[in-house]
Asks: 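My structure is below; once you've seen it, I'll send some questions.
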Amino acid sequence: DTGVSQDPRHKITKRGQNVTFRCDPISEHNRLYWYRQTLGQGPEFLTYFQNEAQLEKSRLLSDRFSAERPKGSFSTLEIQRTEQGDSAMYLCASSSPGQGAGELFFGEGSRLTVL
Amino acid sequence: QKEVEQNSGPLSVPEGAIASLNCTYSDRGSQSFFWYRQYSGKSPELIMFIYSNGDKEDGRFTAQLNKASQYVSLLIRDSQPSDSATYLCAVNMNRDDKIIFGKGTRLHILP
């Protein structure tokens with residue numbers, strides 16, 4: 001399977017715990033995006049990378065959220081001290097630059113439930 | 001003002017009719033525009049992109065772009081029940097390809 005893969009698919013945690021999600025993009029794609037989506041809303045931009053460089057992090061994102069892409073391949077999104085409001089689907093997508101930019105290929109998402 | 005705005009719907013259209021979905025964006029410098037379809041419980045998938053003013057047709061789908069009015073639309077001809085989904089408008093906001101989505105329009109095709 002050469003698509004975008006995300007792990008875990010589902011995560012249930014208690015308030016205050018830390019969680020980490022992993023995304024493996026399509027191998028030849030150097031851009032990687034993280035979005036958060038709640039019911040009835042569109043994907044909300046969180047952050048994105050070109051190779052290992054983080055280009056931008058949403059101003060709406062608290063310091064509890066951090067993302068890395070250490071070798072320009074897979075990426076991790078960590079949420080520290082989770083809150084109930086963090087419950088959402090976390091979507092990862094990848095793309096190639098230039099003409100392919102904006103043509104995002106999404107993974108199946110990681111659903112977070114904070115109790 | 002939100003960066004990408006869409007009417008959340010639901011938009012109900014009889015089978016076989018034309019469905020018209022609209023989107024406006026705030027950044028006049030945006031250069032590329034996308035329509036994604038998202039079925040319930042699934043991830044978004046790209047169905048159309050448009051870079052130039054005017055119309056772009058692909059099968060039953062036509063994307064329309066008017067940069068002067070900062071307006072993008074998607075027409076679906078001969079609507080089918082399988083077209084029932086949420087349609088997300090996305091805009092490439094800058095040279096570094098930051099992609100912002102609208103909240104989506106729920107489309108329901110009535111059999």
Side-chain angles (χ1 to χ4, degrees), chain A residues 1 3-7 9-10 21 23-26 29-51 53-61 67 88-111, chain B residues 2-11 21-27 29-52 56 58 63 65 72 85-108:
Chain A
D1 185 7
V4 178
S5 63
Q6 293 188 243
D7 183 72
R9 294 288 310 282
H10 302 276
F21 301 115
C23 173
D24 287 88
I26 294 171
H29 286 178
N30 65 355
R31 292 211 191 275
L32 186 148
Y33 299 76
W34 286 100
Y35 294 89
R36 175 172 63 188
Q37 189 174 29
T38 54
L39 193 64
Q41 300 297 311
E44 175 192 6
F45 172 81
L46 297 181
T47 188
Y48 72 134
F49 294 84
Q50 174 170 301
N51 299 315
Q54 187 173 25
L55 298 181
E56 185 174 334
K57 177 180 174 181
S58 171
R59 291 169 296 173
L60 301 176
L61 219 55
M89 178 71 83
Y90 289 84
L91 294 168
C92 176
S94 67
S95 75
S96 54
Q99 187 70 18
E103 300 179 40
L104 303 181
F105 293 81
F106 283 86
E108 295 187 341
S110 292
R111 180 170 296 283
Chain B
K2 292 190 176 180
E3 293 171 301
V4 181
E5 296 208 52
Q6 297 181 254
N7 187 324
S8 61
L11 175 65
L21 304 161
N22 304 315
C23 170
T24 58
Y25 59 95
S26 61
D27 185 348
S30 299
Q31 294 297 316
S32 48
F33 309 86
F34 308 85
W35 284 99
Y36 285 78
R37 177 176 60 200
Q38 186 173 28
Y39 291 115
S40 180
K42 301 294 186 181
S43 293
E45 57 178 341
L46 181 71
I47 54 172
M48 289 284 292
F49 61 87
I50 186 167
Y51 302 141
S52 303
K56 179 182 178 182
D58 184 1
L65 173 61
V72 192
T86 295
Y87 289 80
L88 300 162
C89 174
V91 177
N92 187 336
M93 301 298 289
N94 59 27
R95 292 186 310 163
D96 286 331
D97 304 325
K98 176 183 176 182
I99 310 299
I100 299 296
F101 285 81
K103 65 187 302 183
T105 298
R106 283 186 298 133
L107 175 64
H108 183 209

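We use all heavy atoms of the structure for the numbers below, so side chains are in, but hydrogens, waters and symmetry mates are not. First the proteins, then the strands, lettered A, B, ... as listed; each starts at 1.
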Asks: Need one label for B:Phe33: side chain, backbone, both or neither, based on atoms under 4.5 Å from any heavy atom in chain A.
Replies: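 For B:Phe33, neither part sits under 4.5 Å from chain A.
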
Asks: Can you tell me how far apart CG (B:Asp97) and OG (A:Ser96) are? Round to the nearest 0.5 Å.
Replies: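 Taking CG in B:Asp97 and OG in A:Ser96, the distance rounds to 9.5 Å.
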
Asks: Find the one option among A:Met89, A:Arg111, A:Glu108, A:Glu56 whose heavy-atom pairs under 4.5 Å with chain B are most numerous.
Replies: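 Heavy-atom pairs under 4.5 Å are most numerous for A:Glu56.
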
Asks: Distance check, rounded to the nearest 0.5 Å: B:Leu88 atom CG versus A:Gln37 atom CD?
Replies: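 Rounded to the nearest 0.5 Å, the CG-CD separation comes to 6.5 Å.
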
Asks: If you take all heavy atoms of A:Gly107 and B:Ser43, which pair is closest and at what distance?
Replies: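 Shortest heavy-atom separation between A:Gly107 and B:Ser43 comes out as O-OG, 2.5 Å.
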
Asks: To the nearest 0.5 angstrom, please state how far the CD atom of B:Gln38 sits from the CZ atom of A:Phe106.
Replies: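 So the CD of B:Gln38 and the CZ of A:Phe106 are separated by 8.0 Å.
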
Asks: Identify the two heavy atoms, one from B:Tyr51 and one from A:Glu103, that lie closest to each other, and give their separation to 0.1 Å.
Replies: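 Looks like OH-OE2, 3.7 Å.
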
Asks: Report yes if some heavy atom in the side chain of B:Ile99 is under 4.5 Å from a heavy atom in the side chain of A:Ser95; otherwise report no.
Replies: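 No. Closest side-chain heavy atoms not under 4.5 Å.
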
Asks: Can you tell me which portion of A:Tyr35 sits under 4.5 Å from chain B's heavy atoms? Options are side chain, backbone, both or neither.
Replies: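 Side chain only.
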
Asks: Quick check on the interface: out of B:Ala90, B:Cys89, B:Pro44, B:Gly104, who has the most heavy-atom pairs with chain A under 4.5 Å?
Replies: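 Highest number of pairs under 4.5 Å: B:Pro44.
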
Asks: Does some side-chain heavy atom of B:Phe34 sit less than 4.5 Å from a side-chain heavy atom of A:Leu104?
Replies: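 In short, these two side chains do not touch, never coming nearer than 4.5 Å.
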
